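Chain letters run A, B, ... following the sequence lines, proteins first and then strands; every chain starts at 1. It should be emphasised that the depicted structure is a prediction, and the values quoted were computed from it without experimental measurement.
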Amino acid sequence: MRLSTKGRYALEALVLMGYLNIKNKTMSLKRISLEANISEGYLEQLFSMLKKESIVASKKGKNGGYRFVKPMDEIMVGDILRAVEGSLSPVKCLDNEFCNRKQKCITRSTWQVAYDKINMIVDNISLKKVVDNYYARINAGSSI
Amino acid sequence: MKLSTRGRYGLRMLIDLSMQKENIVTLSSIAHRQDVSPNYLEQVARDLKRARYIRSIKGPHGGYVLAIQPQDIKIGNLLRLLEGDIRLTDKYLGEESILQQCIRENVYDVLNKSIAEFFDSITLNDLILTNHKY
């Protein structure tokens, strides 16, 4: 039951992008790559998934890169994680509507409650909240 | 972000055993009812036995019985035994950056705490009582 590096790197990249890019101009992956210390090739994969879910939009060309599609307080951590991880269900059974044990499975409803809790938490944390908190930490000038 | 078959099958094995009350149950009958491989279930049973959740009875009519009352088995502890832990994220190797620390405290710690509290709040008995689908 683990979040993969995809989810973790996507969050790190977007929090950093939000922090560096308050005016939401197009930002190159090279810049994010340098600041977040994540390879540009890996970021390309992540951002194409984020683009597909309309979290970021891309601009081609010399000054190309990515920007957020929505204001950061409307982008939820859950949207970001699901865009790159797929379903956040704690067991694969819940992703399978056609499990033939579904009707008699005693554990399914417990997994479902855990799944609902996970989604509820990440759907209540906005990217803006994390970016603001990062901003406060950086400006406090300490690693707390 | 998934629990492995180990955690899921182990839990189902204990549910199955608790449904059979005090009877001695063979591994193959559990495997059959639960539709899982007997060989794999045997590995899980070994872990459960070592942690004293179940006892094995030797002999021609041997098998397994539950060694702890279902109301005393916390799902959280059981999953920690079988899965290692029930965290959604690993601890960072090496030094954590301010960015990573910020995300951990705002997201991962909240998730891990909530999931641990949930699984620690339910027992095997709760699971059985809230489900009558067997």
Side-chain angles (χ1 to χ4, degrees), chain A residues 1-5 7-8 11-16 19 35-37 77-78 80-81 85-95 100-111 113-118 120-122 124-126 129-138 140 142-144, chain B residues 1-5 7-12 14-16 18-19 33-36 75-76 79-80 83-90 92 95-119 121-122 124 126-134:
Chain A
M1 190 157 80
R2 281 288 188 276
L3 215 58
S4 76
T5 46
R8 301 175 70 148
L11 277 182
E12 288 174 23
L14 290 191
V15 171
L16 208 62
Y19 168 75
E35 298 273 355
N37 202 15
V77 165
I80 299 166
L81 292 178
E85 297 265 346
S87 150
L88 302 178
S89 72
V91 291
K92 68 176 180 192
C93 330
L94 293 177
D95 300 330
N100 56 15
R101 298 185 49 84
K102 190 176 168 182
Q103 292 309 315
K104 57 179 174 181
C105 182
I106 282 190
T107 49
R108 192 180 175 98
S109 61
T110 302
W111 305 138
V113 175
Y115 186 22
D116 293 344
K117 282 182 188 291
I118 291 168
M120 203 189 72
I121 290 169
V122 293
N124 273 295
I125 309 169
S126 70
K129 185 192 166 203
V130 187
V131 169
D132 286 350
N133 188 257
Y134 183 56
Y135 194 83
R137 283 166 195 248
I138 291 292
S142 75
S143 59
I144 307 176
Chain B
M1 188 153 77
K2 300 281 184 269
L3 281 170
S4 72
T5 46
R8 290 190 287 117
Y9 290 0
L11 183 54
R12 272 161 59 187
L14 291 191
I15 289 172
D16 192 291
S18 66
M19 294 294 200
R33 276 190 298 275
Q34 298 297 326
D35 198 17
V36 298
I75 304 303
L79 293 177
R80 279 185 200 98
E83 297 278 327
D85 62 63
I86 44 176
R87 301 167 56 83
L88 295 161
T89 50
D90 289 311
Y92 286 98
E95 205 178 330
E96 194 178 45
S97 67
I98 299 178
L99 175 65
Q100 288 165 338
Q101 185 186 38
C102 169
I103 295 171
R104 174 174 58 74
E105 289 177 6
N106 279 285
V107 183
Y108 309 144
D109 286 354
V110 186
L111 276 171
N112 285 329
K113 184 164 174 269
S114 162
I115 291 302
E117 278 172 2
F118 169 61
F119 284 128
S121 75
I122 44 177
L124 192 64
D126 298 330
L127 236 72
I128 296 161
L129 289 179
T130 51
N131 288 270
H132 304 283
K133 297 179 187 171
Y134 206 70

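- For chain B, the nearby part of D95(A) is the side chain; its heavy atoms alone come within less than 4.5 Å.
- Looking at K117(A), only its side chain comes within 4.5 Å of chain B, counting heavy atoms on both sides.
- Both the backbone and the side chain of V130(A) come within contact range of chain B, each with at least one heavy atom under 4.5 Å from a heavy atom of that chain.
- Neither the backbone nor the side chain of I75(B) has a heavy atom closer than 4.5 Å to any heavy atom of chain A.
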key: S87(A) and L94(A): CA distance, side-chain angles, deciding distance, side-chain contact (heavy atoms from CB on, under 4.5 Å) verdict   = CA-CA 9 Å; S87(A) 150; L94(A) 293 177; over 6 Å; no
key: Test salt bridge (Lys or Arg N to Asp or Glu O under 4.0 Å) applied to R137(A) and E105(B), step by step   = CA-CA 12 Å; R137(A) 283 166 195 248; E105(B) 289 177 6; 2.6 Å; yes
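- Among S97(B), S114(B), G84(B), C102(B), the residue with the largest count of heavy-atom pairs under 4.5 Å with chain A is C102(B).
- In this structure, T5(B) and V36(B) have side chains that are not in contact, with every pair of non-hydrogen atoms separated by 4.5 Å or more.
- Put simply, the side chain of Y115(A) does not reach to within 4.5 Å of the side chain of V91(A), judged on heavy atoms.
- Using modelled atom types, no side-chain atom of Q101(B) and backbone atom of E96(B) make a donor-acceptor pair closer than 3.5 Å.
- Proximity to chain B is limited to the side chain of I121(A), based on heavy atoms less than 4.5 angstrom apart.
- When the candidates I122(B), I103(B), L99(B) are compared by the number of heavy-atom contacts under 4.5 Å with chain A, L99(B) comes out ahead.
- Here E12(A) does not pair with R8(A) in a salt bridge; the nearest charged N to carboxylate O distance is not below 4.0 Å.
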